[in-house]
Amino acid sequence: MKYDLAIIGAGPAGYTVAETAAKKGLKTLLFEKDKLGGVCLNEGCIPTKTLLYSAKILDLMKNASKYGLKLTGGEAAFDLDKMMTRKTKTLRKLAAGIKTRLADSGVVWVTGEAHIAGESDGTIEVVCGSESYRTDYLLLCTGSEALVPPIKGLEAVDSWTSKEALNCDSLPERISIIGGGVIGLEFASLFNSLGVKVQVIEMQTEILPGLDRELASLLRKEYEKKSVVFHTGTRVLEALPDNSLIVERAGESLVIEADRLLVCVGRRPFTSGLGLEKLGLEGSGGALPVDKHMRTKHPRVYAAGDITGHSMLAHTAIREAAVALNHILGINDTMSYAALPAVVYTNPELASVGKSEEELVAASVAYRVVQLPMTYSGRFVAENEGVNGLCKLLLDKDNHILGCHMLGNPASELIPLAALAIGRSYSPDLFRGLVFPHPSVSEIFHELGLH
Ligand SMILES: Cc1cc2nc3c(=O)[nH]c(=O)nc-3n(C[C@H](O)[C@H](O)[C@H](O)COP(=O)(O)OP(=O)(O)OC[C@H]3O[C@@H](n4cnc5c(N)ncnc54)[C@H](O)[C@@H]3O)c2cc1C
């Protein structure tokens, strides 16, 4: 049987688009070599947020007295085994939901590793195990894998990537996290809440490279107050068998001791062994180049998600796959990265959308900043004892919002409002004219509209 669309990889890009394609009447085939849901559901977004939520409750319990509460009969504590069990249950529940949705929409899915076999008579051939499948269109959603840098001695150390950290059955006393990006910070937050002594080693001069520098610095200070040690501007030279790191900072070498190393230096698009060359395609620095319709050099082969190397976020993956499907269906749609939010799920959360000041300065774009402490929101003050926060809007000369950067809970839930404003080229007048529920943290946007 010939399919209209075959998709390789059932992560957020693959499984969401498979469901839509089938509902739109395409005969849709989905290959997955591991678990439905991909990295996001099984070893990324969802397991981290599930564990971080337990950690957040623990933080609240530890700080109960600040809210006029007390724990009778003992200290706030956690049970790692039960936290992990709850995480597994959460993943199972969501995986079951994906299965039902795929089945209900009529997607045919095949478990196994798929490879491109070639093309004949205008049809693309994909093999999986001993079976061969034919399809008019192919969408590659094979995602990414953790990058392990070529650090001397690292291969001989029993280090963790995010995958092992999410499945650990015991905690080290001290952990060194190599990489102060989003994933490194989320793990720093988790382990810090669970009482592990955390050190973060970041090569750049500030954590969270690429995000707003001022907010990154404020977040770093929040975690320094909680005893996390940051080594910024620091390069790892060597890993020793006892989990120590020899690092170099400002020309000096020093040793950072730990009981476990966690490597969080980024992810690499996954294209190896796919058989791209059979269709005249090749990766560039690991990523597969695509045009604004998510189409590769081949007119009937598309790619979406981490494989394209664009933003390595699940919601980007979902949108890219939707754009690809629309193009296949002849619906006019193009991919824009201008208003895609990014969130660091620390406690407090940091969320960003649009341009950062650093990007605007580099591009010589004139802008002005309107910013307010989160304490302008009564609800924020009521719910955040001893935590500072900041929300800033970056505006162009016509008062259009170019970027929004926010530190404070629940930034992840509020940032879509700014994304909408950026996507539609609105000015903060929009926020002034909107009625926000009172008291709510979202009122910070109304306050910014008044400034
Ligand atoms: C620790 C961690 C936390 C994260 N947290 C967040 C977050 O909070 N928010 C966010 O937006 N993003 C987060 N991400 C990133 C997010 O997980 C990815 O951006 C997202 O999963 C990418 O989706 P995808 O569909 O491109 O690929 P993936 O989710 O990587 O899925 C690709 C799938 O393709 C399958 N596959 C590969 N090759 C083949 C083949 N040849 N045949 C069959 N199947 C194949 C793989 O087994 C995999 O299941 C996180 C990532 C990590 C590691």
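Read the numbers this way: they start at 1 and go in the same order the structure lists the ligands and their atoms. Numbering starts at 1 and runs along the sequence shown.
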What are the atoms of ligand 1, with element, lying closer than 4.0 Å to any heavy atom of [X]?
{"X": "Ser162", "value": "1 (C), 53 (C)"}
{"X": "Ile8", "value": "39 (C), 40 (C), 41 (N), 42 (N), 43 (C)"}
{"X": "Cys141", "value": "32 (C), 33 (C), 34 (O)"}
{"X": "Ala13", "value": "25 (O)"}
{"X": "Cys40", "value": "17 (O), 21 (O), 29 (O)"}
{"X": "Thr48", "value": "1 (C), 3 (C)"}
{"X": "His315", "value": "11 (O)"}
{"X": "Ser144", "value": "30 (O)"}

Applying side-chain contact (heavy atoms from CB on, under 4.5 Å), run through Phe78 and Ser54 and close with a yes or a no. CA-CA 9 Å; Phe78 65 92; Ser54 295; over 6 Å; no
Can you figure out which of [options] has its heavy atom closest to [atom]?
{"atom": "atom 42 (N) of ligand 1", "options": "Ala114, Ala304, Ala317, Gly266", "answer": "Ala114"}
{"atom": "atom 14 (N) of ligand 1", "options": "Ala321, Cys45, Gly44", "answer": "Cys45"}
{"atom": "atom 46 (C) of ligand 1", "options": "Glu32, His115, Lys163", "answer": "Glu32"}
{"atom": "atom 53 (C) of ligand 1", "options": "Arg267, Lys49, Met312, Glu186", "answer": "Arg267"}

Does an N or O from [X], backbone or side chain, lie closer than 3.5 Å to an N or O of ligand 1?
{"X": "Phe187", "value": "no"}
{"X": "Ile183", "value": "no"}
{"X": "Gly37", "value": "no"}
{"X": "Asp306", "value": "yes"}
{"X": "Ala314", "value": "yes"}

Is the shortest side-chain N to carboxylate O distance from Lys297 to Asp291 below 4.0 Å?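 Looking at Lys297 and Asp291, the cut-off is not met.
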Show your reasoning for whether side-chain contact (heavy atoms from CB on, under 4.5 Å) applies to Asp333 and His327. CA-CA 7 Å; Asp333 197 3; His327 198 249; over 6 Å; no
Does ligand 1 have an atom that lies less than 4.0 angstrom from a heavy atom of Glu145?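 No, Glu145 has no heavy atom closer than 4.0 Å to ligand 1.
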